[in-house]
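Since the structure comes first, as structure tokens, the remarks are kept for the end.
Naming: A, B, ... by sequence-line order, numbering from 1 per chain. We use all heavy atoms of the structure for the numbers below, so side chains are in, but hydrogens, waters and symmetry mates are not.
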2 protein chains.
Amino acid sequence: MTAALKNDGTVGKALSVLDQIASYGRPVRFTELLGDSALPKATLYRFVQTLTNQGMLQYDPERQTYAPGLRLVRLAHAAWAQSSLAPVARPHIDALSAETGETVHLAQLDHAQVLYVDKRNARDPVEMFSQAGKVGPAYCTGVGKAMLAYLPEPELNAALAQQSWHRFTATTHVSPDSLRTELHDIHSDGLSFDREEHEAGIICVAVPILNAHQRPLGALSVTGTTRRTSLDALRALGPRLKQAAHAIATDAESWLFPQTNSAATPAQYISKGETPHVRSDA
Amino acid sequence: MTAALKNDGTVGKALSVLDQIASYGRPVRFTELLGDSALPKATLYRFVQTLTNQGMLQYDPERQTYAPGLRLVRLAHAAWAQSSLAPVARPHIDALSAETGETVHLAQLDHAQVLYVDKRNARDPVEMFSQAGKVGPAYCTGVGKAMLAYLPEPELNAALAQQSWHRFTATTHVSPDSLRTELHDIHSDGLSFDREEHEAGIICVAVPILNAHQRPLGALSVTGTTRRTSLDALRALGPRLKQAAHAIATDAESWLFPQTNSAATPAQYISKGETPHVRSDA
DNA sequence: AACTGAGTTTCAAATAATGAAACCTATTTG
DNA sequence: CAAATAGGTTTCATTATTTGAAACTCAGTT
């Protein structure tokens with residue numbers, strides 16, 4: 001059961017197939033999908049056909065496998081540019097990263113999980129490929145806790161019920177109870193820490209990005225290793241982080257949408273047969 | 001009419017609504033959608049509801065607007081990691097970028113358009129969706145022409161029929177005829193140039209990334225400005241580019257999928273209520 | 001108080017989705 | 001070599017969902 005708990009008819013079911021396929025993290029064969037799915041063979045088959053047809057899935061005839069398709073990348077570009085905080089936050093993150101020299105993350109809450117929407121690496125060239133789009137647990141990351149701490153009670157309950165409470169390290173919260181206490185503290189001083197709860201040796205400070213109604217829009221964090229830095233050193237960055245978060249919130253609020261194109265795909269880019277809705281004159 | 005020319009039933013129609021919304025490049029109101037859509041009011045309304053429900057769209061109650069949703073970003077991460085050449089090409093692109101100091105692009109063909117899947121800008125770090133996911137015209141970009149030149153005849157015809165033939169600059173090809181001649185040349189020496197066809201002052205060299213059957217999987221380019229470099233200087237990079245393209249093709253061919261995780265979202269990241277399909281033991 | 005426009009809901013008719021079962025077609029097994 | 005198996009694909013009568021014209025709601029006008 002994926003996100004499609006609600007009854008969203010055929011479309012919802014098709015999208016849950018998409019989610020399922022994405023969740024494997026590798027190309028999958030039809031039979032494997034079928035085994036893990038509640039849908040009957042023919043139904044699943046048709047969905048997979050349709051989605052492939054639509055470019056939402058990519059079929060490898062050689063290996064007979066399905067994987068998420070490139071159309072998603074195109075669509076995500078639009079989503080990222082419009083629905084995420086990333087575009088507005090960008091200059092602020094750049095500055096933070098330059099000043100601290102550490103890794104900076106920008107995250108938002110999505111389905112009770114942390115979704116990283118942007119990142120600036122520390123000077124080291126290490127790291128996996130691009131972080132945007134990656135998801136992580138909310139209950140044991142600095143950014144996750146920062147956002148949870150400002151969630152209205154009913155939503156918080158819903159979110160907590162969806163956490164996996166997996167014990168990653170010795171300090172990981174493994175139940176809502178212990179976490180709630182910490183969330184209360186976070187709420188009072190507006191600062192959240194990851195005390196190696198997700199990965200040994202990795203610590204971070206995070207702050208929520210709040211709108212005018214104190215609703216969390218996202219969170220911002222600076223991450224370091226226990227070798228190079230300490231919680232106290234990170235705590236010292238608190239004021240700077242809060243300032244950045246506030247600036248981002250302000251910008252986001254007033255950012256109606258730069259009619260001044262540049263975020264959008266100019267009409268000429270749209271190939272024939274597609275409906276152009278954006279006009280760019282240059 | 002978007003990609004859903006084929007009759008893909010309800011799901012196809014819903015996805016075309018998604019495409020439509022993404023194409024505006026900014027949040028849109030229901031009425032605007034309705035005006036540009038062939039669907040009847042109630043039908044469009046229900047689709048938009050369903051998609052919002054599913055996180056494929058994001059609704060802003062304050063402004064009453066819809067925009068592509070964050071779920072797309074999550075899904076795209078999987079697509080990018082699995083269906084694009086980007087992960088395999090990464091080290092090669094890094095090297096190229098370091099050696100040349102110029103901007104390097106990695107693109108693939110999607111719906112007869114160029115889809116950029118990765119980029120190195122000598123300076124900036126990678127910000128995934130800001131550039132990956134962007135689309136451009138195939139008929140007047142170096143990467144686009146490199147791929148078109150190696151497309152089998154029937155597919156080439158289909159692709160050419162879908163170009164917009166918009167004249168961006170004085171050198172832009174504005175009909176299939178003149179382009180075909182150039183594609184022939186590109187095919188013979190394996191090198192494609194953008195002679196300020198898309199943007200004045202911007203030139204580039206590109207090579208196709210071909211699989212064992214000479215099918216274009218993608219293309220690689222080095223871009224510069226007429227101020228800083230020349231076509232001849234770029235031409236000199238040809239051999240190096242070809243070498244990189246070949247290396248990428250080879251790696252892609254043999255890259256079954258690193259069972260050795262790291263590409264995948266570990267099972268623990270999946271929140272309760274979602275089906276975990278990936279196992280990671282660490 | 002009537003009008004307008006945007007958004008939302010209703011409901012019978014039309015259409016599309018469903019899924020059990022049959023059907024392919026390579027590959028493996030006796 | 002024949003038979004069995006497994007993965008994948010198609011069929012088709014039944015069933016459930018989608019469809020969309022029209023009616024409704026509720027602001028904000030005029």
| message | I need the CZ-P distance between Phe47(A) and dT10(D), as an integer number of Å. | response | 17 Å
| Atom pair distance, as rounded to whole Å: CG in Leu44(B) and P in dA6(C) | 14 Å
| request: Mind listing the closest non-hydrogen atom pair of Tyr150(A) and Pro208(A) along with its distance? | output: CE1-CG, 3.5 Å
| note | All heavy atoms of Ala252(B) vs all of Leu85(B), minimum pair found to be CB-CD2, 3.9 Å
| remark: Distance col, row Asp118(B):CG vs Arg90(B):CZ, nearest 0.5 angstrom, shows 7.0 Å
| query | What distance separates Leu75(A) CG from Met56(A) CE, expressed to the nearest 0.5 Å? | reply | 6.0 Å
| request: Round to a whole Å and report the spacing from CD of Gln49(A) to P of dT11(D). | output: 12 Å
| field | Under 3.5 Å: donor-acceptor pair, side chain of Ser37(B), backbone of Leu34(B) | value | no
| field | Gap between atoms OH and C1', on Tyr59(B) and dT8(C) respectively (whole Å) | value | 11 Å
For residues 38-45 of chain B, which side-chain N or O atoms pair as donor and acceptor with protein atoms under 3.5 Å away, sequence neighbours left out?
{"from": "Tyr45(B)", "atom 1": "OH", "to": "Gln49(B)", "atom 2": "NE2", "distance (Å)": "3.3"}

| Distance below 4.0 Å between Gln64(A) side-chain N/O and dG7(D) OP1 or OP2 | no
| task | Ignoring backbone atoms, test whether Arg29(A) places a side-chain nitrogen or oxygen under 4.0 Å from the OP1 or OP2 oxygen of dG8(D). | result | yes
| query | When the distance from CZ of Arg46(A) to C1' of dG19(C) is rounded to whole Å, what number comes out? | reply | 8 Å
| said: Does dT9(C) have OP1 or OP2 under 4.0 Å away from a side-chain N or O of Tyr45(B)? | reply: yes
| Rounded distance in Å - CZ (Arg63(B)) to P (dA6(C)) | 19 Å
| If only side-chain N and O atoms of Thr31(A) are considered, is one of them under 4.0 Å from the OP1 or OP2 phosphate oxygen of dG8(D)? | yes
| Counting just side-chain N and O atoms, does Lys13(A) come under 4.0 Å of either OP1 or OP2 of dT18(C)? | yes
| message | Rounding to an integer number of Å, can you tell me how far Leu33(B) CG sits from dA6(C) P? | response | 13 Å
| Thr10(B) vs dA17(C): side-chain N/O to OP1/OP2 distance below 4.0 Å | yes
Which pairs, protein N/O on one side and nucleotides 21-27 of chain C N/O on the other, fall under 3.5 Å?
none

| query | Which atom names give the shortest non-hydrogen contact between Ala138(B) and Leu148(B), and what distance separates them? | reply | O-CD1, 3.9 Å
| field | Distance below 4.0 Å between Thr43(A) side-chain N/O and dG19(C) OP1 or OP2 | value | yes
| task | Return the value, rounded to whole Å, for the distance between atom CG of Leu34(A) and atom C1' of dG8(D). | result | 10 Å
